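Remember, it's a predicted structure, so these values are computed and weren't measured experimentally. For the numbers below, each heavy atom of this structure counts, side chains included, while hydrogens, waters and symmetry mates do not.
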Amino acid sequence: MQKKIIFIFCTRLFDFRYLKSTNIIDHLSKNLDIILFVDYRHKNLIEKSLNYKYKVKSILYKEEEYERGSKNLSYNLCKLIQLIFSFTYANLKIKENRTRKLHVNSFLLKRKKVSFFKFIFSYLIIILSKLACELSLFRQFLQYIFSLFAPKIKHQEDFIKYNPISCLFCSFGFGIDTLLMHECKENKVKIITAVQSWDKTSSKGFPIVKPDYAIVWSKINKIETQTFLDFPKEKIFVEGAPLWDLYFTRKYKSKKGFMKKFGLNQKNKLISFSIGSPSYHEGNKKIIYFFQRLRKKFELNNISIILREHPGYINYKKEYHDLQKSLKSLLSYRNFVFMKLEPDQNNEIYLYKEADSKQLVDMFNVCDLSISIVSSHMIEASILDKPSINIEFGKWFNSMYDFELKNYTAEHIMRVYETNAIYRANNERDLESFIFYIIKNPNEKKYERKRLIEQEITVNRGFAAKAVASRIYKLSLKEN
């Protein structure tokens with residue numbers, strides 16, 4: 001019997017990496033025929049990475065054109081509504097959303113630096129989002145306006161030709177995802193969102209086009225989806241965290257083998273430092289200089305430090321070369337090494353390599369201490385019961401936001417802090433003292449780390465990807 005067809009929309013490389021690295025695509029393909037829709041710029045690379053096993057088509061909306069702006073009134077109106085909804089969360093009287101306050105303050109500060117007119121316009125956006133937070137009818141009105149002015153459907157031929165049983169997304173809709181979700185609704189095809197990250201349920205705003213079903217990682221994600229996104233609880237399914245399956249199933253390498261691979265003394269204590277996003281570029285350089293000063297001050301003959309590259313740098317060549325200049329002196333010491341990720345083909349993007357995922361798990365398994373910057377690596381280190389320091393100083397800066405890390409109070413970060421499983425460095429003095437204290441007291445927060453993992457990975461540890469794929473299949477068959 002011929003299998004039913006599912007459309008999978010991956011507007012961002014993050015979405016594709018998630019579905020491929022966890023094998024969700026392969027699990028799904030056992031029961032459904034898959035057609036992937038991806039950014040036209042990455043189509044050939046993605047086809048090749050899948051060994052041409054699946055049909056891959058280009059998304060007909062071009063992100064760079066949509067984001068850059070257009071004289072098209074409907075595009076601009078849709079983008080305006082999307083901006084309003086990016087600051088919108090429901091039921092704030094029941095539970096405050098701390099991400100909203102952070103994003104609003106940063107957004108207004110950044111616009112104020114640009115021009116007075118942009119600041120006033122941005123302030124009006126925030127007022128409208130506040131109304132949308134408080135009034136369900138106003139949210140529905142904006143959603144209706146969006147549906148009236150959404151751009152002409154571009155994939156109608158595909159919907160008619162393939163007649164998909166469902167459409168899968170990895171977000172609740174932002175950017176081009178929202179336009180594609182609108183097309184699904186217009187064609188009466190059910191929408192399933194399987195979130196690919198720990199922050200999608202609390203820190204990305206309200207969905208303009210609401211999916212029919214949501215698959216989330218944990219019970220706390222379900223509560224956030226039900227509260228902040230006003231989602232019916234019977235349409236939310238907790239299936240675990242596929243991205244972390246490998247931490248429960250990997251047969252770990254010995255510390256001796258890992259240290260030998262990087263030319264490090266196996267008797268040394270090992271510290272892993274996960275270099276932050278390019279949004280923290282200046283902060284990353286300061287941490288590198290901090291390690292240089294620490295090396296001169298204490299020599300660190302009994303400690304090795306491995307610095308892992310952030311995949312985001314592959315898209316920021318100028319900042320990447322600047323980072324390499326900063327690293328040059330530090331890496332001249334034999335107990336400091338750089339863990340590089342290998343980009344695909346023309347050094348233009350980082351797609352995915354299975355060896356990188358395994359190497360990351362091995363790094364956390366053998367390290368004695370993990371240091372990161374507002375990253376899920378706090379959780380990943382805790383899965384393997386390794387103490388973790390979070391850096392909370394320096395500035396986070398990109399096209400949308402501008403804030404000090406000490407003010408980073410996003411929901412997904414705060415719920416990690418509230419378990420008290422993580423050491424929080426507010427300055428370089430804290431960081432230095434924590435490093436030497438934790439090396440001597442590695443078991444201090446053992447119970448708290450266990451509590452963090454129980455909070456973030458509630459079910460299906462080690463086989464969440466299979467559970468998610470199975471749920472997608474069952475929901476695809478289900479009558480709405």
Side-chain angles (χ1 to χ4, degrees), residues 9-12 14-15 37-41 58-90 99-100 103-156 158-159 167 169-187 191 193 200 203-211 229 398-402:
F9 291 98
C10 296
T11 57
R12 292 164 298 279
F14 280 118
D15 299 343
F37 289 81
V38 302
D39 189 311
Y40 74 97
R41 294 168 295 187
S58 294
I59 293 171
L60 299 179
Y61 300 105
K62 294 185 176 180
E63 185 179 10
E64 68 274 21
E65 292 179 3
Y66 186 68
E67 295 298 329
R68 187 170 59 233
S70 167
K71 294 179 181 178
N72 187 308
L73 175 63
S74 64
Y75 262 47
N76 289 332
L77 184 57
C78 287
K79 285 174 63 179
L80 179 63
I81 294 172
Q82 282 184 312
L83 186 57
I84 293 168
F85 270 68
S86 70
F87 300 106
T88 298
Y89 299 92
T99 304
R100 183 180 188 275
H103 285 178
V104 165
N105 290 342
S106 178
F107 176 70
L108 290 177
L109 176 64
K110 194 162 179 64
R111 294 307 182 273
K112 191 174 184 179
K113 290 179 179 178
V114 175
S115 73
F116 179 73
F117 172 77
K118 284 203 170 184
F119 173 74
I120 294 299
F121 178 74
S122 300
Y123 198 78
L124 290 173
I125 295 293
I126 299 306
I127 291 172
L128 291 172
S129 78
K130 180 66 174 172
L131 280 173
C133 289
E134 295 177 355
L135 300 173
S136 175
L137 281 175
F138 186 58
R139 290 198 299 271
Q140 292 171 33
F141 170 72
L142 291 177
Q143 288 169 324
Y144 176 69
I145 294 297
F146 182 92
S147 68
L148 288 180
F149 286 88
K152 180 183 176 183
I153 292 176
K154 293 193 173 188
H155 301 83
Q156 192 63 40
D158 293 312
F159 279 99
C167 292
F169 293 82
C170 292
S171 83
F172 285 97
F174 51 86
I176 288 173
D177 275 359
T178 307
L179 305 181
L180 294 165
M181 286 180 171
H182 170 70
E183 292 199 17
C184 298
K185 288 289 185 185
E186 289 295 298
N187 282 279
I191 302 169
T193 286
K200 290 290 185 289
S203 298
K204 300 298 181 182
F206 196 89
I208 297 174
V209 181
K210 188 165 284 189
L229 308 185
N398 56 34
S399 60
M400 189 73 171
Y401 300 118
D402 180 355

**Asked** So, S106 side chain and D402 main chain: donor-acceptor pair closer than 3.5 Å or not?
**Response** yes
**Message:** Taking E183's backbone N and O only, do any of them form a donor-acceptor pair with K154's side chain (distance below 3.5 Å, no angle check)?
**Reply:** no
**Request:** State, yes or no, whether a side-chain contact exists between M181 and P207 at a heavy-atom distance under 4.5 Å.
**Result:** no
**Prompt:** For H103 and S203, which heavy atoms make the closest approach, and how far apart are they?
**Reply:** CE1-O, 3.5 Å
**Asked** Heavy-atom count around F119 CZ within 6.0 Å, excluding the residue itself: above 12?
**Response** yes
**Message:** Is there a side-chain contact between I125 and L80 in this structure, where contact means two heavy atoms from C-beta onward sitting under 4.5 Å apart?
**Reply:** yes
**Message:** Between F9 and I191, is the side chain to side chain contact (heavy atoms under 4.5 Å, CB included) condition met? List the steps.
**Reply:** CA-CA 11 Å; F9 291 98; I191 302 169; over 6 Å; no
**Prompt:** Is there a side-chain contact between F159 and C167, using heavy atoms and a 4.5 Å cut-off?
**Reply:** yes
**Asked** Heavy-atom count around Y40 OH within 6.0 Å, excluding the residue itself: above 12?
**Response** yes
**Prompt:** Which is it for H155 and Y61 under the ring-ring contact (aromatic ring centres under 6.0 Å, His included) test, yes or no, and what are the steps along the way?
**Reply:** CA-CA 9 Å; H155 301 83; Y61 300 105; 5.7 Å; yes
**Asked** Is there a side-chain contact between V209 and F146 (heavy atoms, below 4.5 Å)?
**Response** yes
**Asked** Could you walk me through whether S122 and F107 pass the side chain to side chain contact (heavy atoms under 4.5 Å, CB included) check?
**Response** CA-CA 8 Å; S122 300; F107 176 70; 3.4 Å; yes
**Prompt:** Tell me, do Y123 and R111 make a side-chain contact under 4.5 Å, heavy atoms counted?
**Reply:** no
**Request:** Indicate yes or no: at least one non-hydrogen side-chain atom of L229 is less than 4.5 angstrom from one of K210.
**Result:** no
**Request:** May I have the step-by-step check of side chain to side chain contact (heavy atoms under 4.5 Å, CB included) for D158 and F37, ending in yes or no?
**Result:** CA-CA 10 Å; D158 293 312; F37 289 81; 3.6 Å; yes
**Request:** Using the side-chain contact (heavy atoms from CB on, under 4.5 Å) rule, pick out the option among L83, L142, I84, L124 that qualifies with S129.
**Result:** I84
**Asked** Could you give the distance from CD1 (I176) to CD (Q82), rounded to the nearest 0.5 Å?
**Response** 9.0 Å
**Asked** How long is the span from the CG atom in N105 to the NZ atom in K110, to the nearest 0.5 Å?
**Response** 15.0 Å
**Asked** For S171, does its backbone N or O pair with a side-chain atom of T193 as donor and acceptor, under 3.5 Å?
**Response** yes
**Asked** Between S136 and Q140, is any side-chain donor less than 3.5 angstrom from a side-chain acceptor?
**Response** yes
**Request:** Please confirm whether the backbone N or O of G205 pairs with a side-chain atom of Y89, one donor and one acceptor, at under 3.5 Å?
**Result:** yes
**Item:** F138, CZ atom: more than 12 neighbouring heavy atoms under 6.0 Å
**Value:** yes
**Prompt:** Does NZ or CZ of K204 come closer than 6.0 Å to the centre of the six-membered ring of F172, within 45° of the ring's axis?
**Reply:** no
**side chain to side chain contact (heavy atoms under 4.5 Å, CB included) assessment of F87 paired with C133** = CA-CA 8 Å; F87 300 106; C133 289; over 6 Å; no
